[in-house]
Structure formats: C-alpha cells, structure tokens
Amino acid sequence: MQACATTSSACAAPAGRTGRSGSSRTTTGGFCAALRGAAVAQGAAGRRATANRSSRLAVQAADFPKPNFEDEKTFQEMAAISAAIKAAPRPKQPLSVVIAGAGLAGLSTAKYLVDAGHKPIILETRDVLGGKVAAWKDEDGDWYETGLHIFFGAYPNLMNLFKELDIEDRLQWKQHSMIFARPDAPGEFSRFDFPDALPAPFNGIFAILRNNQMLSWPEKIQFALGLLPAIVFGQPYVEAQDDKTVTEWMRKQGVPDRVNEEVFIAMAKALNFIDPDELSMICVLIALNRFLQEKHGSKMAFLDGAPPERLCEPVVQYITARGGEVRMKSGIKNIELNEDGSVKQYNLLSGEAITADLYVSAMPVDIVKKLMPEPWGRMDFFKRLDKLVGVPVINIHIWFDRKLTTVDHLLFSRSPLLSVYADMSTTCKEYYDTEKSMLELVFAPAEKWIGRPDEEIIAATMGELERLFPGEIAADGSKAQIRKYKVVKTPLSVYKTIPNCEPCRPTQRTPIRNFYLSGDYTKQRYLASMEGATFSGKLCAQAIAEDWNTSSVLPSQAAKQPAMA
C-alpha cells in the first residue's frame, strides 16, 4: 500500500522537504489561536462527547514474530531471481554502470549489479538517501519522514532484501489485523483479524465475515461474488480491469456503493493517495490478490527507525564493500548523446561530466520526462510516459504533550482528508516514548491542499483528529497540546494509477542499447510501491546481466547497429 509508498530518488529540487522551513518548531500559544480561527471557518462546532474509553482498542506495544515467508511461492520466486543474478557468468571485465537516483529503485539496481559482478556508481541530487523514503532530523534530533512506510508480508522482494542484508530483525511485525476508524462511533475502531491457524485465503475470508461493524451480511456476500472472477481467473482477469476505476468496477459487478464508502475509499487513498472514482481497479485487485492468496500477505511491519539509516545505509554498505560507489549531491543536469542516439555521458549540475559503460535512470517518471533528450522524445517507447504523472501527497508529523490512547498498528482513518496514520511513539522503537505521542499521518487526496500554508493543513488535520480522538484532541487545541509539527509536501510522488496506465509503463530495457530504466513506474507486478521500486531494480540488474555478462566486448564497442529502434 502507498502508506508505504516510495520509490526512486527525486533528482529535482528537494520537493519532499518543503515542510522543513515553515513547519519546524511551533509553540502552542500562537498556534492554538490560529487553530481556533480555522476551526470556526471549518464549522468544527459540534464537538462530540468523550467516547467510553473501555470501548477503545487498548495499546498492545508488543511486536510479533517474523512470519515464515520462506514457504511462500512468491518469496521463493524472488529468491530464485536473486540467486540467478549471483550465479550469472562473470563478465570478462566488470562494467561501470552509472545510476541516477539513490531511492529504493536505484539502490536495488546497484545491489544486484554488484551481485552480477559489475561496478555501479549511484548519483543522488540530495544529501539524503531513500528518495521517497527519505527522512531528516530536526533541530531537536527527532526524525521526520517523506511518508508513513509500512512493510507488508506480500512484499517478497523486500523480504528477500532484508534477508540478504541480514537485517530482518529491523522489521517490527504487528498483529495480523487491518484496523479502521469508525466515523459512526468516534473514538472506536473496527478491525479485521486474520487467524494464524487458517491458511490463505480462508484466514482473509474469516476476517471479513467476522467483522459485522462495517458491512452487513448481504453486502459481504455481494462483495464476495464481485471478487469471484479475480480469484478464479487470476492475473489475466486482474490486468483486464485496468480500464475501469474502482467505482466503475464495483457498479459493474453489482457491489453495493456502501462497500466503496466503508472500505475502498480508505483503501484507495492508502494505495495511491486518490479516491476510488479515479483509481484504476487493477491496483486494488493486485493488492487484494496478494492479501488473500498469501497467508501473511496483509501482515504489516514498521521499520524500527528512519529508512535512510535502517534500510538504505545497509544497502550502501553492501554496494561499497563490493566495489560500488554512492555520490551524494551529484544531480544530473542533462543526458548527452552520441551521434547514434546512445548515451555519451551524464552532465552533472556541478559542471562535471561522468561517463560509463552503461547508464540507468532510477529517477521518478516526472524527472525522467524532464531530462529526456529530444531525439528520444519522438520514440514511441518514451512518448507513452506522458500518461504517467506523479500524484501529490502530504505527510504530517505532530508531537503532542501527552500520550494518546492509540494502537500499536497502522490505522485507516476513513476521513475525507486523511488516509492512514500511526502513533510512531508506540509502533517504532527509535521513536518510542511512553509519556508523549507523535502521530504520523498521510494527508490525501492532497491536490487541493499541496499549495496551502502549513498552518491551514495542520488546522484541518486537527479537525479530523478531533473526530478520531474526541476525548483527547480538540481542534481548538484545548485538550492535547501540540509541541511541534512538520509538514512534508511531495508535489509529484508515485505515479497516479488511473485507468489505462498499464500499456504506458516501460520495460527496464529501453530501445537505447546502453540505457536502462528502474523505478516503480516501470513494468513489474507490484505497481507504485516500495516493493515495486525494489523489484524494478532487481529486474534492471537482471536485464543488464543477461545482456552483457557473456559479451566479449564493451557496450561502447558493441555492434555497429543503430542504437535506437
């Protein structure tokens, strides 16, 4: 899900960091006055009475054992690709491969390239690793992140990567549940609990049937009948639904609108930061297929700290220990071509030019389009990228002066403005605090809010939090006090998965013989996610190994055939 969404590195201006200056430390005095004015403007008059605390979910601050992924078919398939890359014939001489972008896509590409016997050089514009999983420390030493990153059991490439790096203990697995706020019962939650004793898909079916708070029995049955073709006909059916939005598909299948309202608005915003009337149904069906077909597919884990340190840095150490290199603050100005249309060099913003045997872009699709050489733009392969456009998203951190009654898990807010949230002071070891809460929230859809002042965004968020925590939070700041906040805006995040995007997603191989692509927007089965980014990097490295590891000549010497098809 895109609660964990992230992909390649943003090689333009540090858009993901726009919340740093205006949203740093905030005192409660002046801020609460601003909140009171905003609350009046939003009509936040009807404050609800305190919900009965006994009806809330209690904090269960205990991690669960690592699931046994090794038995899953998908894990084994991805482990086989890793093994095949390592076992590929050694090149006659290692190739130098320059990779633009130190997000998960670029880091994954480089990791598997060193496994294949090559020497990657990663170039990153910013001073932080991770791209859309980047994070920074504020003036108090507290982390704030580009997004709320959740790791699912249905992420076999990431699970393999954690295993290969020997950092599996950094994932904090939570109870196998999906938990939704209840707008009809403020302060309470509704949950889908997956029993460990049952195999897939029966554990998921049991979880759905057991929940009687969100859907009635007739609605559950109609929903199940609507999903039946996806379960029976599998991936071909799923891919054929790319031309329909979630809402269109629901109506075509006779699924009641209330299922959309109760479940899929929240799910769509978590998957791609947009509503069901925009999101392609292929996105939801791919997620549901993995959640229902794999016993641990929907099980969630939090990383035990900030992604740049706890995930990205171990990848960098692995790469550099095997002859690779990572250069920070090394952004690309343009891609210079040879006469035959192949890449001659990457020209950097610093004025330096860097040449290599092969070149990879692991940048977001919007940056790829911006830097694309004019001759490539006339090619069908690259022209199709025009339909792939990043979606805006806002990630919010609010530090409170007290401990809130929250849950040790990801929570679906079911709010018009918020997607998912978590109390990171409970869910994450590095952020752990027994006295005060730090909520991290995804504000989506964000298109109408991305250009607004941070103060307005926080005020709107507090209005929604009052609905979620009516006994503890008031929009006017009269209950739990804000100690500080951060608003991190990403104007162009993962690509917007609207209908008919699938034919526009490029393969990792391009028509340019010495140029490859990596990134969650490229062709792979996990769409726009951390898993998709990681898998794309592995596929990119695999393509390079297949193309060049048995070649007796360097790419620059290869064939006199045209470089562009």
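Both backbone and side-chain heavy atoms feed into the values below; hydrogens, waters and symmetry mates do not. Keep in mind it's a predicted model, so treat the numbers as computed, not measured.
Every residue two or more places apart in sequence or in another chain was checked for a side chain to side chain donor-acceptor pair (under 3.5 Å) with Arg170, and none qualifies. Listed by chain and number, the residues in a salt bridge (Lys or Arg N to Asp or Glu O under 4.0 Å) with Asp142 are Lys484 (sequence neighbours excluded). Glu164 meets the side chain to side chain donor-acceptor pair (under 3.5 Å) test with Ser82, Lys111, Tyr112; sequence neighbours excluded. Partners of Glu77 by side-chain contact (heavy atoms from CB on, under 4.5 Å), not counting sequence neighbours, listed by chain and number: Lys73, Thr74, Arg525. Legend: residues meeting side chain to side chain donor-acceptor pair (under 3.5 Å) with Thr427, ordered by chain and number and at least two apart, are absent. Applying the side chain to side chain donor-acceptor pair (under 3.5 Å) test to Ser298 and every residue at least two apart in sequence or in another chain returns His176. The side-chain contact (heavy atoms from CB on, under 4.5 Å) check on Ile221 picks up Leu225, with sequence neighbours excluded. For Asp184, the salt bridge (Lys or Arg N to Asp or Glu O under 4.0 Å) criterion is met by Arg182, not counting sequence neighbours. Among residues two or more places apart in sequence or in another chain, the side-chain contact (heavy atoms from CB on, under 4.5 Å) test is passed with Glu313 by Leu129, Val316, Gln317. Partners of Phe443 under the ring pair (Phe, Tyr, Trp, His ring centres under 6.0 Å) rule, at least two apart in sequence or in another chain, are Trp449. Under the rule for a ring pair (Phe, Tyr, Trp, His ring centres under 6.0 Å), Phe75 has no partner lying at least two apart in sequence or in another chain.
Ser425 and Asp433 share no donor-acceptor pair across their side chains, judged by distance under 3.5 Å alone. Side-chain atoms of Thr426 and Lys403 form a donor-acceptor pair, as typed in the model, at a separation below 3.5 Å. Using modelled atom types, one finds a donor on one side chain and an acceptor on the other under 3.5 Å when comparing Ser190 with Asn211. No donor-acceptor contact under 3.5 angstrom links the side chains of Tyr431 and Asp304, judged on distance only. Side chains of Thr245 and Asp277: a donor-acceptor N/O pair is absent below 3.5 angstrom, by distance only. Side-chain polar atoms of Ser280 and Thr497 form no donor-acceptor pair below 3.5 angstrom. A side-chain donor from one of Tyr495 and Arg505 sits under 3.5 Å from a side-chain acceptor of the other. Under 3.5 Å, the side chains of Asn212 and Lys220 contain a donor-acceptor pair of N or O atoms. Judged by distance alone, the side chains of Asn395 and Glu440 do bring a donor and an acceptor atom under 3.5 Å apart. Judged purely by distance below 3.5 Å, without hydrogens or angles, the side chains of Glu239 and Gln235 pair a donor atom with an acceptor atom. Judged purely by distance below 3.5 Å, without hydrogens or angles, the side chains of Ser536 and Gln524 never pair a donor atom with an acceptor atom. Donor-acceptor pairing under 3.5 Å is recorded for the side chains of Glu472 and Thr405.
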Steps toward side-chain hydrogen bond (donor to acceptor under 3.5 Å, both in side chains) verdict (Asn157, Asn160): CA-CA 5 Å; Asn157 286 285; Asn160 268 282; 5.7 Å; no

Test log, rule side chain to side chain contact (heavy atoms under 4.5 Å, CB included), inputs Phe412 and Ile179: CA-CA 6 Å; Phe412 293 82; Ile179 305 173; 5.9 Å; no

Intermediate values then yes/no, side chain to side chain contact (heavy atoms under 4.5 Å, CB included), Leu388 and Tyr521: CA-CA 8 Å; Leu388 305 179; Tyr521 70 95; 4.1 Å; yes

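At distances below 3.5 Å, at least one donor-acceptor pair connects side-chain atoms of Glu72 with backbone N or O atoms of Lys295. Between the side chain of Lys496 and the backbone N or O of Pro392 there is no donor-acceptor pair closer than 3.5 Å.
In this pair, His397 and Trp399 present their aromatic rings parallel. The plane angle is below 30°, not in the 30 to 60° band.
Taking the six-membered ring for Trp and the full ring otherwise, the centers of Phe152 and Phe291 sit less than 6.0 Å from each other.
Residues Leu303 and Phe162 have side chains in contact (heavy-atom distance under 4.5 Å, counting atoms from C-beta outward). Side-chain contact between Cys540 and Leu517 is absent, with no heavy-atom pair separated by less than 4.5 Å. Using a 4.5 Å heavy-atom cutoff, the side chains of Lys538 and Thr109 are not in contact. Met159 places a side-chain heavy atom less than 4.5 Å from the side chain of Leu171. Under the 4.5 Å side-chain criterion, counting only non-hydrogen atoms from C-beta, Lys66 is in contact with Glu168. When side chains are defined from C-beta on, Leu418 counts as touching Thr461, because their heavy atoms get closer than 4.5 Å. In this structure, Lys269 and Leu417 have side chains that are not in contact, with every pair of non-hydrogen atoms separated by 4.5 Å or more. Within the 4.5 Å cutoff, the side chain of Val365 has no heavy atoms near those of the Asp520 side chain.
Within 6.0 Å of CD on Glu447 lie no more than 12 heavy atoms contributed by other residues, nucleotides or ligands. Shown here is Asp166, whose CG atom has no more than 12 heavy atoms of other residues, nucleotides or ligands within 6.0 Å. At most 12 heavy atoms of other shown residues, nucleotides or ligands fall within 6.0 angstrom of atom CZ in Arg210. Other residues, nucleotides and ligands contribute at most 12 non-hydrogen atoms within 6.0 Å of the CZ atom of Phe202.
Distance check: Leu441 CG to Leu465 CG gives 5.5 Å after rounding to the nearest 0.5 Å. Residue Phe151 holds its CZ atom at 5.5 Å from CG of Leu311, rounded to the nearest 0.5 Å. A distance of 11.5 Å separates CD1 in Ile274 from OG in Ser419, rounded to the nearest 0.5 Å. Ile473 contributes atom CD1, which lies 11.5 Å from atom CD of Glu464 (distance to the nearest 0.5 angstrom). The CG atom of Asp408 sits 7.5 Å away from atom CD of Gln172, with the distance rounded to the nearest 0.5 Å. Atoms CZ and NZ, from Phe400 and Lys479 in turn, are 12.5 Å apart once rounded to the nearest 0.5 Å.
Relative to the six-membered ring of Tyr144, Lys486 meets both conditions, a distance below 6.0 Å and an angle of at most 45° to the axis.
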Show me the side-chain donor-acceptor pairs of residues 254-264 shorter than 3.5 Å, one per line, residues at least two apart or across chains.
residue : atom : partner : partner atom : Å
Arg258  : NE   : Glu219  : OE1          : 3.2
Arg258  : NE   : Glu219  : OE2          : 2.7
Arg258  : NH2  : Met214  : O            : 2.7
Arg258  : NH2  : Glu219  : OE1          : 2.8
Asn260  : ND2  : Thr247  : OG1          : 3.3
Glu262  : OE1  : Arg414  : NH2          : 2.5
Glu262  : OE2  : Arg414  : NH2          : 3.2

